[in-house]
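Let me begin by presenting the structure, written as structure tokens, before commenting on it.
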Amino acid sequence: MPYRFFQRLIHCSLLLCLLVLAPLSAADEPPSLLVLGDSLSAAYGIDESEGWVQLMAEKLEAEGYPHRVINASVSGETSEGGLNRLPKLLKRHQPEWVLLELGGNDGLRGYPLSQLEENLTRAIERIRASGARVILLGMQIPPNYGSRYAGQFADLFPTLAEDLDLPFVTFMLEGIATNDQYMQGDGIHPNAKAQPLILDNVWPGLQAELKAAE
């Protein structure tokens, strides 16, 4: 056979390989779930393997969900800090879902609630603009920060979820924050025993959304 025939045969084979392998590579990439939070999600004071985010990753795998979990939580993070980090995180990880757990440090520092609301709203808009879905995790602060401020702080999250039509977890520390056996010595951060309970609070809402999206 002439040399030109073999050359064309090789070119066609290479082209066929590229056409077949490229879609397979994209299809093999699992969807990702990004957790953007503060110390409550960053496993502050305990081993990272014991944190509720890692427990969630293990539960997703056990339940047959293909999602890869990325924990982008940072201890001490505020809503402004999370908002500033968000564009790079979205570009890098291209998540399908984002669990938004921010605001606690804003409250503990007495930041204006209007600023917190604006930061969370902008974060949600950026997430949605990227094509990802958002689940908002509600937060509360102790009443000793002032009952009026603490009450308005707690009300901000469900109101925002309703206004923006967001899936919402009422309070991830429900049944935990007021129980000393589940809290570290500082009275703010949950201990290792609390982490499965946090997951119990978050999981029903997350699972419902994952099932609805199937």
Report whether [X] and [Y] are members of the same hydrophobic cluster (ILVMFWY, side-chain heavy atoms less than 4.5 Å apart, transitive linking).
X: Ile46; Y: Val35; result: no
X: Leu156; Y: Tyr111; result: no
X: Val74; Y: Met139; result: no
X: Leu120; Y: Leu113; result: yes

I need the [X] [atom1] to [Y] [atom2] distance, nearest 0.5 Å.
X: Thr121; Y: Arg126; atom1: OG1; atom2: CZ; result: 12.0 Å
X: Ile198; Y: Leu55; atom1: CD1; atom2: CG; result: 9.0 Å
X: Asn105; Y: Glu80; atom1: CG; atom2: CD; result: 12.5 Å
X: Phe168; Y: Glu162; atom1: CZ; atom2: CD; result: 10.5 Å
X: Arg109; Y: Tyr145; atom1: CZ; atom2: OH; result: 10.5 Å
X: Leu34; Y: Arg92; atom1: CG; atom2: CZ; result: 10.5 Å

Looking at every heavy atom in both [X] and [Y], which two are closest together, and how far apart are they?
X: Ala123; Y: Leu83; value: N-CD1, 3.6 Å
X: Pro30; Y: Pro66; value: CB-O, 3.3 Å
X: Leu116; Y: Phe157; value: CD2-CZ, 4.3 Å
X: Asn71; Y: Ala42; value: ND2-CA, 4.4 Å
X: Glu77; Y: Gly37; value: CB-O, 3.8 Å
X: Met56; Y: Leu99; value: SD-CD1, 3.7 Å

Run Leu86 and Arg122 through side-chain contact (heavy atoms from CB on, under 4.5 Å) and show every step you take. CA-CA 10 Å; Leu86 188 56; Arg122 290 175 61 193; over 6 Å; no
So for atom CG, which belongs to Asn144, do other residues, nucleotides or ligands contribute more than 12 heavy atoms lying within a distance under 6.0 Å? yes
Report the C-alpha distance between Ile127 and Trp97 in whole Å, list the side-chain angles of each, state the deciding distance to 0.1 Å, and finish with yes or no for side-chain contact (heavy atoms from CB on, under 4.5 Å). CA-CA 9 Å; Ile127 294 167; Trp97 292 91; over 6 Å; no
Indicate yes or no for a side-chain donor-acceptor contact from [X] to the backbone of [Y] under 3.5 Å, with no hydrogens or angles considered.
X: Arg85; Y: Ala72; value: yes
X: Trp52; Y: Leu40; value: yes
X: Asn191; Y: Gln181; value: yes
X: Asn201; Y: Glu174; value: yes
X: Ser32; Y: His93; value: yes
X: Glu209; Y: Gly205; value: no
X: Gln54; Y: Ser49; value: no
X: Glu50; Y: Gln195; value: no
X: Asp186; Y: His189; value: yes
X: Ser41; Y: Asp38; value: no

Do Tyr44 and Gln184 pass the side-chain contact (heavy atoms from CB on, under 4.5 Å) test, and can you show the C-alpha distance, the side-chain angles, and the key distance before you say yes or no? CA-CA 10 Å; Tyr44 176 88; Gln184 297 182 40; 4.2 Å; yes
Is there a side-chain contact between [X] and [Y] (heavy atoms, below 4.5 Å)?
X: Ile188; Y: Leu108; answer: yes
X: Val169; Y: Glu101; answer: no
X: Val134; Y: Arg128; answer: yes
X: Leu102; Y: Thr78; answer: no
X: Gln207; Y: Glu63; answer: yes
X: Leu197; Y: Asp200; answer: yes
X: Leu166; Y: Ile135; answer: no
X: Val98; Y: Ile124; answer: no

So, Ser79 versus Asp106: side-chain donor-acceptor pair below 3.5 Å or not?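 Yes - a donor-acceptor pair under 3.5 Å links their side chains.
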Run the numbers on Tyr149 and Ile141 for side-chain contact (heavy atoms from CB on, under 4.5 Å), then give the verdict. CA-CA 9 Å; Tyr149 181 82; Ile141 57 174; 3.6 Å; yes
